[in-house]
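To start, the structure under review is shown below, and the notes come after it.
Residue numbering restarts at 1 for every chain, and letters A, B, ... go by the order of the sequence lines.
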Amino acid sequence: MADTVLDVADLEVFYGNAQAIHGVSLTIEKGELLSLIGSNGAGKSTLFKAICGMVKPRAGAIRLKGQNTARLSPARITEMGVAMVPEGRRLFRSLSVEENLVLGGYVGRPGPWTLRKVYDVFPILHERRRYPATALSGGQQQMVAIGRALMSNPDLLLLDELSLGLAPVVIKDIYALLPRILGEGLSTILVEQDVTRAMAVSDHFVCMLEGKISLSGRSDAFTHDQISAAYFGT
Amino acid sequence: MEWINVIVQGVLIGGLYALFAAGLSLIFGVMRLVNIAHGDFIVGAAYLAMVVIQATGLHPLASLFLVVPAMAAIGYAIQLGLLNRVLGNDILPPLIVTFGLSIILQNLLLTGFSADSRKLNAGALETQSLAVLPGVDVGYLPLLTFVAAVALIAGLQYLFYHTAMGRAFRATSDDGEIAQIMGLDNRRVFAWAMSLSMSVVAIAGVFLAIRANFDPFMGPSRLIFGFEAVIIGGLGNLWGTLAGGVILGVAQGLGAQIDPGWQLLAGHIAFLVILAVKPRGLFPRID
Ligand SMILES: Nc1ncnc2c1ncn2[C@@H]1O[C@H](COP(=O)(O)OP(=O)(O)OP(=O)(O)O)[C@@H](O)[C@H]1O
Ligand SMILES: [Mg+2]
């Protein structure tokens, strides 16, 4: 398939002797939004880290636009068009807001996202651009983390728990901006604790349980009970 | 006047200690590496300058145009070829490796240059001085050393906070894992940092060698002065290293004034007192 952006096949990831991912396979097409759900410790963040190259899989393939990235460095994978908003944001605390964003564009991939465009979408960041990034409110920090990821003009964007630690109104604001952020053509995998929201915004979903995929398909094709069973393993 | 003179001379020698300390502080800040061989690299740079001067007849300060790039290249290579392999969550391996480097360097210098002490000759610079007050003469060399230290720290400060390279250093220091998914290669960033540190080492080595006799075994004591200046000033703070160097220099001067045998002891005591009162140093920037 020409339009497959990411194809993960039979992935196995270990931390030492503890296996975090057991034979996971999934694909995502160009422009698609895939929700990745699952309870605590299911392996969602680990899957993201493997896609970014931060952990090396013991077996399986991760193909980005056809090329296997399982053995490449994180920097190389970013150059090829993967960006992540990590769980807990992980902004650079000794860098200003603007420096965080500029560093996000370090690989210099061409595309629609520039500092100016990020400031257009998040005007508050322009106002606060000289502040240390971690001096901002939680919601604003999340905007910096999103902007930083977009600055590399990725083909595949991984969003890990955007709502973590944020007030409901702030979460609502960020999700309201999501269509503008994703635009056209950007493929996105979204990890979100709020399953209802995750299903509402996505085309397809994957549910993980203890390192395996317990259910996947179109986001509107399953009942609440079916999803709940896959989520909790009951 | 005598005491004022002691303090002025102490402040100026503090510039030299700040030069010892700045390179140490820099690599600790970027990669949490404590380089036990730092003092031996300073001495090594002094010998390198000596060789360059013997071969070319350059003035010691002019030899820096060759010694600085050479030390920077050596730093880059050592980082990529050796230190990156041992950096990790465990702080012990890099300590042991740099300790080993220290011993190897001392013995290489001993084999190559014998145990005789040497000195670089900077001509008139060493003998001329400026009478700032009656009884207070400021030598050109100590003054130049101090000015060089201030300029160097200002330069490093600018590099850290206003350039792309500095941004990479700070980001890697903050969160190396995330810095990598921004596209930075930690190993290269560390190598840049080490080559910058070794450039400072080159400058420190030449100023040291003009000021005093040097021999293959004086590295560890320079390391101690550098360490003390870094810790007094507070980890990760470059201007702090200057403050630390000055405090150390003044304490040594005052100690020597009381009794010549007390010079070094007074410096160590000042260090211990500050450590007891402010365990993280005066102006810490790293937790
Ligand atoms: N750095 C690590 N070292 C060892 N084990 C880890 C590490 N990170 C995660 N794990 C383990 O791997 C498993 C999967 O963790 P992971 O963080 O991927 O889950 P998650 O689905 O993202 O959970 P959460 O919803 O809490 O973020 C868990 O059992 C976890 O304890
Ligand atoms: Mg997680």
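Among residue pairs with one or both ends in residues 194-207 of chain B, none qualify as side chain to side chain donor-acceptor pair (under 3.5 Å); sequence neighbours excluded.
Ranking N100(A), L91(A), L95(A), V107(A) against chain B, the residue ahead of the rest is L95(A), based on heavy-atom pairs under 4.5 Å.
For the side-chain contact (heavy atoms from CB on, under 4.5 Å) with V34(B), the qualifying choice from L223(B), T98(B), L95(B), I91(B) is L95(B), the only one to do so.
Of residues 58-83 of chain A, those residues with a non-hydrogen atom less than 4.5 Å from any non-hydrogen atom of chain B are, in numerical order, P74(A), A75(A), T78(A).
With a 4.5 Å cut-off on non-hydrogen atoms, A164(B) does not touch chain A at all. At a 4.5 Å heavy-atom cutoff, S152(A) makes no contact with chain B through either its backbone or its side chain.
Put simply, the side chain of Q141(A) gets close to the backbone of L136(A): a donor and an acceptor are under 3.5 Å apart. With hydrogens and angles ignored, the 3.5 Å screen pairs no side-chain donor or acceptor of D3(A) with any backbone N or O of K30(A).
Checked against salt bridge (Lys or Arg N to Asp or Glu O under 4.0 Å), D185(B) has the following partners two or more places apart in sequence or in another chain: R187(B). Under the rule for a side-chain hydrogen bond (donor to acceptor under 3.5 Å, both in side chains), N186(B) has no partner lying at least two apart in sequence or in another chain.
Counting non-hydrogen atoms of other residues, nucleotides and ligands closer than 6.0 Å to CZ of R188(B) gives a total of 12 or fewer.
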